[in-house]
Asks: 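Quick one: the structure is below, questions incoming.
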Amino acid sequence: MGVLPVPAEVRAILLDIEGTTTPIAFVQETLFPYIKDNVKEYLRAHWEEEECQRDVGLLRKQAQEDSNLDGAVPIPLESGSGEEELERVIQAVVDNVHWQMSLDRKTTALKQLQGHMWRAAYATGHVKGEIFEDVVPAIRKWREAGMKVYIYSSGSVEAQKLLFGYSTEGDILELFDGHFDTKIGPKVESESYRRIAASIGCATNNILFLTDVPREANAAEEADTHVAVVVRPGNAGLTDDEKSYYSLISSFTELFLPSST
Ligand SMILES: CSCCC(=O)C(=O)COP(=O)(O)O
Ligand SMILES: [Mg+2]
């Protein structure tokens with residue numbers, strides 16, 4: 001690791017969050033436990049709201065798709081009324097959320113609910129989005145050099161905006177030209193990167209994608225997107241093959257833009 005020249009054709013930098021802009025520990029030890037500890041209470045408090053019913057509907061649909069998976073938790077429809085029936089369905093949703101989270105699943109259904117739940121955690125100051133210290137100064141420099149900067153995370157767009165809107169560096173949402181989540185497709189499928197390029201209005205090779213996950217880098221590369229794998233404290237280790245195959249950076253300051261001499 002040292003200096004990584006950015007290819008001249010690159011016009012946009014696409015950033016992963018967990019393990020790239022943000023420590024994995026913040027997601028795993030702060031954000032996810034908040035969901036596990038509060039999901040039941042949240043569902044009880046918001047059950048009658050349209051947004052909560054939409055989230056439950058998406059989770060129920062996902063549960064049907066998952067029915068052949070080991071340990072999958074079905075979510076029944078409410079049959080009739082009464083406290084006991086409501087508690088039965090809510091408990092099924094809670095168990096489903098816990099099961100999905102135990103596998104670190106990235107389903108849109110789970111991520112939508114999480115995004116809605118974190119709203120209160122950020123707004124009350126209970127949680128602040130953690131950002132590695134090199135991130136903000138580097139993005140400012142890239143933008144001064146004319147680069148567009150986008151986020152692509154499995155976390156919902158709403159969750160992304162909360163993390164960067166209520167971050168340890170203040171509200172830094174102005175640094176981003178747009179956000180993508182799994183609604184555009186999974187991060188491990190190359191088609192997702194083609195869709196992102198089409199949405200930005202550029203070719204896939206005009207994009208440089210920074211991620212900590214080799215499977216995501218591989219999918220992006222298959223779509224002819226430039227990639228670099230980010231090595232941060234607490235990230236999963238890379239194999240020797242991955243280390244020698246991918247361009248690696250440990251800080252955003254290692255990217256060298258041709259126009260930033
Ligand atoms: C956007 S905050 C929560 C992050 C999250 O839920 C997640 O699954 C992280 O995925 P990423 O694609 O950013 O590695
Ligand atoms: Mg990541």
Asks: Quick one: does any side-chain atom of Thr21 pair with a main-chain N or O of Ile131 as donor and acceptor, under 3.5 Å?
Replies: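 No, the answer is negative, given that no donor and acceptor are paired below the 3.5 Å cut-off.
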
Asks: Hey, can you tell me if Phe209 and Tyr193 have their rings parallel, tilted or perpendicular (30° and 60° cut-offs)?
Replies: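 Tilted, since the angle between the ring planes falls between 30° and 60°.
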
Asks: Please report the C-alpha distance between Arg88 and Glu78 in whole Å, then the side-chain angles of each, then the deciding distance to 0.1 Å, and finally whether the salt bridge (Lys or Arg N to Asp or Glu O under 4.0 Å) criterion is met.
Replies: CA-CA 8 Å; Arg88 185 179 77 94; Glu78 261 178 280; over 6 Å; no

Asks: Could you give me the CA-CA distance, side-chain angles and deciding distance for Asp16 and Lys187, then say whether salt bridge (Lys or Arg N to Asp or Glu O under 4.0 Å) is met?
Replies: CA-CA 9 Å; Asp16 163 64; Lys187 293 172 78 185; 2.5 Å; yes

Asks: As a quick check of understanding, evaluate side chain to side chain contact (heavy atoms under 4.5 Å, CB included) for Glu9 and His226, giving each step before the final call.
Replies: CA-CA 10 Å; Glu9 65 198 5; His226 296 277; 2.6 Å; yes

Asks: Hey, are Lys111 and Gln114 close enough side-chain-wise for a donor-acceptor pair under 3.5 Å?
Replies: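 Gln114 vs Lys111: donor-acceptor pair found between side chains.
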
Asks: Which atom pair, heavy atoms only, marks the closest approach of Ser190 to Ala219?
Replies: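 Shortest heavy-atom separation between Ser190 and Ala219 comes out as CB-O, 3.0 Å.
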
Asks: Are Glu51 and His46 linked by a side-chain donor-acceptor pair shorter than 3.5 Å?
Replies: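 No, His46 and Glu51 have no side-chain donor paired with an acceptor closer than 3.5 Å.
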
Asks: Might you confirm whether atom CZ of Arg215 has over 12 heavy atoms from other residues, nucleotides or ligands at distances under 6.0 Å?
Replies: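 It does not: Arg215 CZ has 12 such atoms or fewer within range.
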
Asks: If only atom types and distance count, is the side chain of Asn235 paired as donor or acceptor with the main-chain N or O of Val230 below 3.5 Å?
Replies: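 Yes; judged by distance alone, with no hydrogens or angles, the pair exists.
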
Asks: Same cluster or not: are Ile24 and Val188 linked, directly or through other Ile, Leu, Val, Met, Phe, Trp or Tyr residues, by side-chain heavy atoms under 4.5 angstrom apart?
Replies: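 Each belongs to a different hydrophobic cluster.
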
Asks: Please tell me whether Tyr34 and Glu29 have a donor and an acceptor in their side chains that are separated by less than 3.5 angstrom.
Replies: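 On atom types as modelled, these side chains do not qualify, holding no pair under 3.5 Å.
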
Asks: Is the shortest side-chain N to carboxylate O distance from Glu158 to Lys161 below 4.0 Å?
Replies: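 Salt bridge: no.
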
Asks: Anything under 30° is parallel, anything over 60° is perpendicular, the rest tilted; go ahead and classify Tyr152 against Phe180.
Replies: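 Rings of Tyr152 and Phe180: perpendicular, over 60°.
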
Asks: If only side-chain N and O atoms count, and only distance matters, is there a donor-acceptor pair under 3.5 Å linking Ser154 with Thr182?
Replies: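 Absent: no donor and acceptor within the cut-off.
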
Asks: Side chain to side chain contact (heavy atoms under 4.5 Å, CB included), that's the test. Do Leu208 and Leu14 meet it? Break it down for me.
Replies: CA-CA 6 Å; Leu208 168 65; Leu14 183 65; over 6 Å; no

Asks: Would Glu169 and Lys128 pass as an ion pair if we require N to O under 4.0 Å?
Replies: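 Salt bridge between Glu169 and Lys128, a charged N being under 4.0 Å from a carboxylate O: no.
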
Asks: Please report the shortest heavy-atom distance between Ala92 and Pro74, naming the atom on each side.
Replies: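 Shortest heavy-atom contact: CB-O, 3.7 Å.
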
Asks: Please step through salt bridge (Lys or Arg N to Asp or Glu O under 4.0 Å) for the pair Arg140 and Glu174, ending with a clear verdict.
Replies: CA-CA 10 Å; Arg140 288 200 201 285; Glu174 58 169 24; 3.5 Å; yes

Asks: Remaining members of Leu69's ILVMFWY cluster at a side-chain heavy-atom cut-off under 4.5 Å?
Replies: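 When side chains under 4.5 Å apart are linked, the cluster holding Leu69 also contains Val73, Trp99, Leu103.
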
Asks: So, the side chain of Thr225 versus the backbone of Ile207: is there a donor-acceptor pair under 3.5 Å, distance only?
Replies: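 Side chain of Thr225 to backbone of Ile207: no pair is present.
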
Asks: Indicate the atoms forming the closest heavy-atom contact of Val89 with Pro76, along with that distance.
Replies: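 Smallest heavy-atom distance, with atoms named: CG1-O, 3.6 Å.
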
Asks: For the atom pair CZ (Arg194) and CD1 (Ile196), what is the distance rounded to the nearest 0.5 Å?
Replies: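 Atom-to-atom, Arg194:CZ and Ile196:CD1 are 12.0 Å apart.
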
Asks: For the pair Ser167 (side chain) and Leu163 (backbone), establish whether a donor and an acceptor sit closer than 3.5 Å, ignoring hydrogens and angles.
Replies: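 Flag not set: sc Ser167 to bb Leu163 has no pair under 3.5 Å.
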
Asks: Does Pro23 offer a backbone N or O that forms a donor-acceptor pair with the side chain of Arg232 under 3.5 Å?
Replies: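 No, Arg232 side chain to Pro23 backbone: no donor-acceptor pair under 3.5 Å.
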
Asks: If you count heavy atoms of other groups shown closer than 6.0 angstrom to CG of Asp37, is the number above 12?
Replies: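 Buried by this count: over 12 neighbours within 6.0 Å.
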
Asks: In sequence, state the C-alpha distance, the side-chain angles, and the governing distance for Arg44 and Glu41, and then conclude on salt bridge (Lys or Arg N to Asp or Glu O under 4.0 Å).
Replies: CA-CA 5 Å; Arg44 282 179 178 151; Glu41 196 187 321; over 6 Å; no

Asks: Would Lys243 and Val229 satisfy side chain to side chain contact (heavy atoms under 4.5 Å, CB included), going step by step from the backbone distance to the final call?
Replies: CA-CA 9 Å; Lys243 280 185 203 158; Val229 171; over 6 Å; no

Asks: Measure across Ala12 and Met147 and return the closest heavy-atom pair with its distance rounded to 0.1 Å.
Replies: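 Nearest pair, atom of Ala12 first, then Met147: N-SD, 3.6 Å.
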
Asks: Hey, any chance Val157 and Leu31 share a hydrophobic cluster, counting ILVMFWY side chains that come within less than 4.5 Å of each other, even indirectly?
Replies: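 Each belongs to a different hydrophobic cluster.
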
Asks: Do Asp181 and Gln112 pass the side chain to side chain contact (heavy atoms under 4.5 Å, CB included) test, and can you show the C-alpha distance, the side-chain angles, and the key distance before you say yes or no?
Replies: CA-CA 10 Å; Asp181 62 18; Gln112 289 299 308; 4.2 Å; yes

Asks: Indicate yes or no: does Asp104 engage Lys106 in a salt bridge with an N to O separation below 4.0 Å.
Replies: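 Looking at Asp104 and Lys106, the cut-off is met.
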
Asks: Does the Lys NZ or Arg CZ of Arg143 fall within the cation-pi geometry relative to Tyr150 - under 6.0 Å from the ring centre and within 45° of the axis?
Replies: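 Ring-cation test returns no.
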
Asks: Which atom names give the shortest non-hydrogen contact between Leu238 and Asp212, and what distance separates them?
Replies: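 So the minimum-distance heavy-atom pair works out to CD2-O, 4.5 Å.
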
